[in-house]
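Step one of this worksheet: look at the structure below.
Chain identifiers are assigned alphabetically (A, B, ...) following the order of the sequence lines, protein sequences preceding nucleic acid strands; residue numbering begins at 1 within each chain.
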Amino acid sequence: MMYRKLPKSFYLDDDVVSRARALLGCRLWTRINGAVTAGVIEETEAYDGLTDRASHAYGGRRTRRTSVFYRSGGIAYTYLCYGIHTLFNVITGPEDIPQAVLIRAVAPCEGLDTILARRKQERIQRNTAGGPGLVSQALGITISLNGSDLTGNSVWLTSGAEDEQPLDSDIQASPRIGIDYAGKDALLPWRFRIKDSPFTSPAR
DNA sequence: AGTCCGATATGCT
DNA sequence: GCATATCGGACTC
């Protein structure tokens, strides 16, 4: 079975909510110091820069950190959260339109020994890569990957196996996590998860 | 199930 | 300078 890299055109779609849904069931891969690991994406969140108070690029804010938001889709946005956790986002949309999809959970599927070693676990379990900071730990993602081309060879995405692609009816939408500061935008149903995924937590 | 708190880059004053 | 953050693990009820 070959997994085809998602083409640039996938990322250039200007509807970030549709991209957050479309990424469910795709595979996120890394090659770190020669070790290849991957997981099936089971939970995402959309961040629509210009209008979304939860986005780092809200209102068109341009800073050194947010500069990658404004590049055309198909690159990584990684940053340090709470001083400890690296969070991984997929930049989408055309140049100058700041949009991103946060990857919140994956089901480990390749390089399991490497993933378990990074997580200091004996076996794959709920919290191996269930949570945005844990996705990065499990796949070895660090802020040095910020801006990386997602069609490259360090971090990339592919379509999933046929039985990994969820039907619309398998996708549950709910409000996003950890953005209470965003006012009414905190209520937007822009978190998406594959129903019954053991690697994600149910809707609030 | 609820509370606490780490450890630091970032953005604003 | 200073408050804050797209979280997770440890600990207490």
Side-chain angles (χ1 to χ4, degrees), chain A residues 11 16-17 19-21 23-24 28 39 41-70 73 75-93 97-108 115-148 150 155 157 172-194 197-204:
Chain A
Y11 302 100
V16 67
V17 172
R19 295 308 82 194
R21 297 180 70 105
L23 282 167
L24 293 175
L28 173 60
I41 296 172
E42 307 219 325
E43 183 180 354
T44 61
E45 283 178 357
Y47 288 85
D48 189 7
L50 294 179
T51 61
D52 178 4
R53 301 181 89 87
S55 171
H56 295 158
Y58 171 57
R61 177 162 66 186
R62 280 184 188 259
T63 64
R64 198 171 48 156
R65 180 174 68 162
T66 65
S67 63
V68 298
F69 262 83
Y70 294 86
I75 61 173
Y77 170 48
T78 59
Y79 73 99
L80 191 64
C81 184
Y82 294 107
I84 307 175
H85 307 293
T86 301
L87 270 54
F88 174 81
N89 295 252
V90 173
I91 296 297
T92 65
I97 307 295
Q99 297 171 315
V101 176
L102 171 66
I103 306 302
R104 290 193 57 90
V106 304
I115 288 173
L116 289 172
R118 288 181 181 136
R119 293 286 295 118
K120 304 190 195 323
Q121 293 179 332
E122 300 282 320
R123 56 192 151 66
I124 302 296
Q125 51 199 280
R126 180 183 197 79
N127 72 350
T128 299
L134 299 180
V135 169
S136 296
Q137 281 188 43
L139 299 182
I141 292 168
T142 61
I143 53 173
S144 68
L145 291 175
N146 191 38
S148 293
L150 296 178
V155 55
L157 292 99
Q172 179 181 44
S174 63
R176 295 170 292 176
I177 306 289
I179 53 151
D180 292 342
Y181 58 87
K184 68 173 175 31
D185 291 339
L187 300 176
L188 294 169
W190 285 359
R191 173 189 178 218
F192 301 98
R193 63 182 285 267
I194 298 180
S197 161
F199 294 94
T200 76
S201 48
R204 289 187 291 180

Ranking B:dA7, B:dC12, C:dT6 by distance to the side chain of A:T63, first place goes to B:dC12
Quiz item: Does any non-hydrogen side-chain atom of A:V155 lie less than 4.5 Å from one of A:F88?
Solution: yes
Notebook entry, point to check: Does C:dC7 have OP1 or OP2 sitting under 4.0 Å from an N or O in the side chain of A:R104?
Noted result: yes
Answer with base, sugar-phosphate or nothing: what part of the nucleic acid does A:F69 contact at a heavy-atom distance below 4.0 Å? base
A:I177 has its side chain closest, among C:dC7, C:dG9, B:dA7, to C:dC7
Side-chain atoms of A:R61 come closest, of C:dT6, C:dG9, B:dC12, to B:dC12
Testing B:dA7, B:dG11, B:dA9 for proximity to the side chain of A:L80, the answer is B:dA9
**Prompt:** Got A:Q121 and A:I115 here, is their nearest side-chain heavy-atom distance under 4.5 Å?
**Reply:** no
In whole angstroms, the gap separating P of C:dT6 from CD of A:E43 amounts to 16 Å
Separation of C:dA5 atom P from A:Y82 atom OH, nearest Å, is 7 Å
Rounded to whole Å, CD of A:Q99 lies from C1' of C:dT6 at a distance of 16 Å
Practice problem: Verify the contact: side-chain N or O of A:H56 to OP1 or OP2 of C:dT6, cut-off strictly under 4.0 Å; return yes or no. | Solution: yes
If pairing means Watson-Crick or G-U wobble with both distances under 3.5 Å, then the partner of B:dA7 is none
Between A:R193 and the options A:E42, A:Q172, A:E45, the side-chain hydrogen bond (donor to acceptor under 3.5 Å, both in side chains) test singles out A:Q172
Taken to the nearest whole Å, CZ/A:R62 to P/B:dG11 is 13 Å
From the candidates C:dT6, C:dG9, B:dC12, the one with an atom nearest any side-chain atom of A:R65 is C:dT6
Exercise. Cation over ring, A:R61 on A:F69, under 6.0 Å and within 45°?
Worked result: no
From CG of A:L102 across to C1' of C:dT6 the rounded distance in Å is 5 Å
Per atom distances to the A:T66 side chain, the nearest of C:dC7, B:dG11, C:dG9 is B:dG11
*Provide the distance between the two P atoms, one in B:dA7 and one in C:dG1, to the nearest whole Å.*
23 Å
Discussion item. Using a 5.5 Å cut-off between ring centres and planes within 30 degrees, is A:Y47 stacked on the base of C:dT6?
Written reply: yes
Applying the 3.5 Å cut-off to both distances, the Watson-Crick or G-U partner of C:dT6 turns out to be none
inquiry  = Could you check whether any side-chain N or O of A:Y70 sits under 3.5 Å from a backbone N or O of A:G60, counting only pairs where one atom can act as donor and the other as acceptor?
reply    = yes
